[in-house]
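A quick write-up on the structure given underneath.
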Amino acid sequence: MSGQIRVVRPGLLTTVQDAGRPGHQHDGVSVGGALDPVALRVANLLVGNTPGSAGLEATLLGPDVVLEGDVVLALAGGDLGARLDDAPVPPGRAVRAPAGARLHFAGRVRGARQYVAFAGGIDVPEVLGSRATWLRARMGGLEGRALLAGDVLRLGHPTALGERIAQSLEPGEAAPWSADTGALAGYGPSEIRVLRGAHFDALRPASREALLRDDFVVRPDSDRMGYRLAGPVLELEQPLELLSEAVAFGTVQLPPDGAPIVLMADRQTTGGYPRVLEVATVDLPRLAQAAPGDRLAFREISLEQAQALYIARERRLARLPLAIDLHHR
Amino acid sequence: MQIEPLGDCAALIRLGDALDEATHRLVRAAWERLTADPVAGTVDLVPAFTTLALHYDPARTGSGAPYEAVRGALERRLERLELDRPAAGKRVEIPVVYGGPGGPDLEAVAAHAGLSPAELVRVHTSGDYLVHMVGFAPGFPYLGGMDPLIACPRRDTPRTRVPAGSVGIGGRQTGVYPLDSPGGWQIIGRTELRLFDTAAEPPALLRPGDRVSFLALGTGGA
């Protein structure tokens with residue numbers, strides 16, 4: 001049982017994403033992958049996939065696709081109003097689609113990105129060990145680009161667990177068990193927990209205070225590479241001459257115009273701007289679900305706290321596939 | 001050597017302050033040691049001009065506080081780095097058609113240096129360039145060793161599309177664009193050599209430590 005997806009309308013920016021292509025940063029290859037990696041991982045686990053399988057990342061305005069063959073899917077992340085034919089799709093549950101059903105999105109309710117995992121994953125060729133679409137380098141995913149009307153995506157073969165999940169469901173039926181993806185990913189508050197960056201102390205005292213106190217607004221020119229923020233203009237005590245060096249997912253850079261940029265999944269591997277903050281990894285999903293116009297504020301935590309929160313969440317995520325497997329013994 | 005956190009999933013190892021070959025050798029020595037004997041939890045190693053970054057998964061660093069575990073492991077592995085002799089990089093000759101449609105800024109860069117285009121090409125091709133790091137774009141080499149005589153400020157308005165293979169000068173650096181991308185460097189020529197190919201192993205032609213020279217295939221305008 002494997003199916004395919006036919007794109008009727010592509011939505012604003014719908015791409016094939018997986019867990020990205022780490023291990024090639026020394027060659028200048030961005031890690032990329034899902035902007036909200038926890039959401040895609042949970043969606044994959046719900047349909048019995050390995051956590052790194054490829055699914056769809058829909059942005060703000062979701063696509064309209066026809067599901068051909070026998071397709072089991074799960075949604076996680078933001079809520080863009082997903083419908084299977086006319087019925088709302090419950091998030092955080094495996095759903096077996098009726099043959100030929102249309103998956104479409106009625107409109108954004110909350111968040112910025114919704115992930116759709118399909119049992120078996122999306123079967124596009126791997127490039128450097130990953131199926132993630134890297135738009136800037138035009139590689140990975142489907143021809144290195146966002147989906148277009150008329151595209152057809154084939155699905156891979158479900159795992160044994162994926163088969164058991166499918167057999168337990170009637171067409172059109174949702175699994176009786178669910179995962180609280182919002183709690184796992186930590187959505188909700190507009191507060192983003194951060195560590196001080198290497199050049200935080202190079203800011204003027206007033207800018208240091210403003211950075212950790214004031215609200216910032218996500219600008220419309222934000223993308224998968226970086227979120228540009230509007231807020232108080234931040235100033236350094238004096239200009240810094242820096243040599244390019246590595247940056248990370250969540251590094252907050254300060255270009256000369258004083259408006260910070262948070263580096264996201266498709267960030268370059270290295271950068272030469274001052275790094276004033278580093279977003280705690282545990283809050284990256286929350287940030288990935290912030291849409292243009294949304295407000296956020298940074299709150300400082302310690303490195304020890306950030307890593308303890310990360311490890312606690314990894315433990316919760318590691319229990320999820322065990323629970324799903326138990327349901328289908 | 002200094003080790004500092006880069007967020008909660010990476011550590012930055014600082015091996016010097018200057019953009020010079022001695023620091024570069026330390027970076028490569030550290031990179032070699034951590035490739036041969038990886039620290040638990042390693043995800044990626046990213047060499048740069050004066051630093052080497054270790055990206056790690058804090059859930060896989062073993063017992064204890066992850067950053068402290070990583071820092072301890074790095075300190076144990078990186079003692080007396082200055083005694084290492086990193087393996088010599090390879091030599092790569094990049095054939096370039098200077099000027100013409102592939103090098104629209106050649107005359108402006110030459111004029112800025114007070115040289116004729118032919119003299120500028122002679123200076124550019126006589127250099128022995130070291131790949132300090134690869135970044136900014138897949139396979140993009142940051143080259144050291146350009147004669148400051150031919151340095152030239154970046155364009156006031158970056159081009160929205162610089163074709164793959166474009167050879168440029170930006171400030172005191174020279175380099176080659178591996179893929180079509182936006183860019184603000186002055187473009188003096190074009191090479192057919194592919195600097196990045198996902199089907200090749202490794203995909204990037206140039207790696208830190210390699211030596212590069214440019215060979216003039218004539219001028220595109222001639």
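So that the names make sense, note that chain A is the first sequence line, chain B the second, and so on, each numbered from 1.
Of the atoms belonging to Pro203(B), heavy atoms from both backbone and side chain fall under 4.5 Å from chain A. For a residue to count as touching a neighbouring chain, one of its non-hydrogen atoms must lie under 4.5 Å from one of that chain's; by this rule Glu245(A) touches chain B with backbone and side chain alike. Interface remark: Arg60(B) contributes no atoms to any contact with chain A (heavy atom separation under 4.5 Å). Using a 4.5 Å cut-off between heavy atoms, Thr251(A) contacts chain B through its side chain alone, with no backbone atom that close.
Heavy atoms only, all atoms of each residue included: Val43(B) and Pro22(A) are closest at CG1-CB, 3.7 Å. Contact between Thr270(A) and Gly135(B) at its shortest, heavy atoms only, is OG1-CA, 3.7 Å. Taking each heavy atom of Ala248(A) and Leu6(B) in turn, the nearest pair found is CB-CG, 4.2 Å. Closest approach of Ala59(B) and Tyr310(A) over heavy atoms only: N-CE2, 3.7 Å. In plain terms, the two heavy atoms of Ser244(A) and Phe49(B) that are nearest each other are O-CD1, 3.7 Å. The shortest heavy-atom contact between Gly7(B) and Leu303(A) is O-CD1, 3.8 Å.
Contact check for Asp27(A) versus Pro202(B): side-chain heavy atoms found under the 4.5 Å cut-off. Side-chain contact between His26(A) and Leu45(B): absent, with no pair of heavy atoms (C-beta onward) separated by less than 4.5 Å.
The environment of CD in Glu68(B) is crowded: more than 12 heavy-atom neighbours from other residues, nucleotides or ligands sit within 6.0 Å. Counted within 6.0 Å of OH on Tyr273(A), heavy atoms from surrounding residues, nucleotides or ligands total 12 or fewer; the atom is thus considered open. Dense packing is recorded around CD of Glu82(B), with more than 12 heavy atoms of other residues, nucleotides or ligands lying under 6.0 Å away.
Ranked by heavy-atom pairs shorter than 4.5 Å toward chain A, the options Ala53(B), Pro66(B), Cys9(B) are led by Pro66(B). For the options Gly139(B), Ala65(B), Ala10(B), Ala137(B), heavy-atom pairs under 4.5 Å to chain A are most numerous at Ala137(B). Of all the listed residues (Leu277(A), Val279(A), Val247(A), Val282(A)), the one sharing the greatest number of non-hydrogen pairs under 4.5 Å with chain B is Val247(A). Annotation: maximal heavy-atom pairing with chain A below 4.5 Å, among Ala48(B), Pro182(B), Pro138(B), Pro208(B), occurs at Pro138(B). The residue among Asp17(B), Thr51(B), Thr50(B), Thr42(B) with the most heavy atom pairs within less than 4.5 Å of chain A is Thr51(B).
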Steps toward side chain to side chain contact (heavy atoms under 4.5 Å, CB included) verdict (Met139(A), Phe196(B)) = CA-CA 12 Å; Met139(A) 66 175 68; Phe196(B) 189 81; 3.4 Å; yes
Take Arg138(A) and Asp180(B) through the side chain to side chain contact (heavy atoms under 4.5 Å, CB included) test and state the conclusion after the steps.
-> CA-CA 10 Å; Arg138(A) 274 175 251 150; Asp180(B) 292 0; 4.0 Å; yes
Decide side chain to side chain contact (heavy atoms under 4.5 Å, CB included) for Val31(A) and Asp44(B); before the verdict, give the C-alpha distance in whole Å, the side-chain angles of both, and the deciding distance to 0.1 Å.
-> CA-CA 10 Å; Val31(A) 176; Asp44(B) 247 321; 4.2 Å; yes
Side chain to side chain contact (heavy atoms under 4.5 Å, CB included) between Arg275(A) and Leu12(B), intermediate numbers included | CA-CA 13 Å; Arg275(A) 303 186 301 272; Leu12(B) 201 62; 3.4 Å; yes
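The backbone N or O of Thr281(A) lies less than 3.5 Å from a partner atom in the side chain of Asp8(B), making a donor-acceptor pair. Gln307(A) places a side-chain N or O within 3.5 Å of a backbone atom of Tyr67(B) that can act as its donor or acceptor partner.
In this structure, Arg136(A) forms a cation-pi arrangement with Phe136(B), its terminal cationic atom sitting closer than 6.0 Å to the ring centre and no more than 45° off the ring axis.
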